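Here's the structure, in structure tokens; my notes come after.
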Amino acid sequence: MNDQQDLEGLSALVTGATSGIGKAAAEELGRHGAEIVVHGRDADRGSAVVDTITAEGGKACFVAADRGIGRGDLRPAVRRQRPGGVLPGRCAGPEDGRPGSGSIISLGSMAGQIGLAGGAAYGATKATLAAMTRSWAAEFSPAGVRVNAIAAGPVLTNGAAPARIEALGATALLARAAQPGEIASVIAFLASPKASYLTGAVIAADGGHTAI
């Protein structure tokens, strides 16, 4: 198996996959051989992502749904997934309890680690996500489900004004904001066998913001 197809035989549910980082992640995971479930609310945009993945020789389908987090025990949801499933942002795991068969990758932010003026509520949610990543790793990793998160820096998507993101990126050690594909590459790495010993980690992909 070559590096480009290191996710062949796995399935990936990518939430919020019709734009921005989610779209880039779905397409990148598809290039690596994963079968993609594209999640979003806009069917036209979802179909466009599916078309991009299949045009490059990948497999994908679109599921229209609002994103939500259920209450209660998550183990049944973990067990229901396909063996070898890779579901960034959600649960994945083996039906028969075999170890090493799944991964959860959540998208956090540097805002969960540093103070940003006017960003208290947003930063609090991202700090909570980091704590949840560690707790889920403690709970699910013994059953073979790795749980990691990415603390992203400013990324040029349609989610915020480009001028604001560029200004924030200019204060990073790399003196620029990221493109969605740069974060997607980290997601693909965390989903791959190359990250087989990584769990409970919050990976900074922020251009050096949190290094100083």
Side-chain angles (χ1 to χ4, degrees), residues 3 6-7 10-32 34 36-40 49 67 69 85-92 102-116 119 121-141 145-160 165 168-169 171-174 176-212:
D3 288 347
D6 54 2
L7 300 181
L10 304 184
S11 60
L13 166 62
V14 184
T15 61
T18 59
S19 64
I21 297 171
K23 176 178 180 290
E27 293 172 356
E28 182 69 10
L29 291 167
R31 292 186 195 102
H32 282 256
I36 310 300
V37 178
V38 176
H39 160 274
V49 177
R67 180 166 48 191
I69 299 175
V86 179
L87 287 86
R90 290 295 178 264
C91 297
S103 177
I104 303 169
I105 304 166
S106 297
L107 185 61
S109 170
M110 68 180 191
Q113 298 173 271
I114 62 175
L116 294 174
Y122 179 73
T125 64
K126 295 305 183 180
T128 299
L129 180 63
M132 185 179 72
T133 294
R134 292 186 284 269
S135 294
W136 277 12
E139 185 170 356
F140 298 131
S141 294
V145 180
R146 296 184 298 107
V147 186
N148 295 291
I150 298 169
V155 183
L156 289 165
T157 68
N158 293 327
I165 297 300
L168 186 57
T171 65
L173 293 182
L174 295 182
R176 65 176 179 83
Q179 295 294 328
E182 294 179 289
I183 307 303
S185 294
V186 182
I187 293 172
F189 165 73
L190 289 174
S192 77
K194 293 178 182 178
S196 59
Y197 202 58
L198 278 178
T199 195
V202 179
I203 307 296
D206 61 9
H209 266 289
T210 54
I212 56 174

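In this text the structure is predicted, and so the values were computed from the model without any measurement.
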Within the structure provided, determine whether [X] and [Y] are in side-chain contact (heavy-atom separation under 4.5 Å).
| X | Y | value |
| --- | --- | --- |
| Phe189 | Leu198 | yes |
| Val37 | Ser11 | no |
| Ile36 | Val49 | no |
| Val202 | Arg134 | yes |
| Asn158 | Lys23 | no |

Heavy-atom closest contact ([X] atom, [Y] atom, distance):
| X | Y | result |
| --- | --- | --- |
| Arg176 | Ala172 | O-CB, 4.2 Å |
| Gly40 | Thr18 | CA-CG2, 4.0 Å |
| Ala34 | Ala12 | CB-CB, 4.4 Å |
| Gln113 | Ala151 | OE1-CB, 3.3 Å |
| Ser103 | Ala191 | OG-CA, 4.5 Å |
| Gly153 | Met110 | CA-SD, 3.8 Å |

Exercise for the section: Show your working on side-chain contact (heavy atoms from CB on, under 4.5 Å) between Ile21 and Ile150 and close with a plain yes or no. Expected result: CA-CA 12 Å; Ile21 297 171; Ile150 298 169; over 6 Å; no
Handout entry: Candidate pair Glu139 and Val145, rule side-chain contact (heavy atoms from CB on, under 4.5 Å), full reasoning
Key = CA-CA 9 Å; Glu139 185 170 356; Val145 180; over 6 Å; no
Handout entry: Donor-acceptor contact present, side-chain His209 to main-chain Leu168, <3.5 Å
Key = yes
In Å and rounded to the nearest 0.5 Å, what is the [atom1] to [atom2] distance from [X] to [Y]?
| X | Y | atom1 | atom2 | answer |
| --- | --- | --- | --- | --- |
| Thr199 | Leu190 | OG1 | CG | 10.0 Å |
| Thr157 | Gln179 | OG1 | CD | 10.0 Å |
| Leu7 | Arg31 | CG | CZ | 12.5 Å |
| Ile105 | Leu29 | CD1 | CG | 7.0 Å |
| Leu116 | Lys126 | CG | NZ | 12.5 Å |
| Asn148 | Ile203 | CG | CD1 | 6.5 Å |

Exercise for the section: Consider only side-chain N and O atoms of Thr133 and Ser106, and report whether a donor and an acceptor are under 3.5 Å apart. Expected result: no
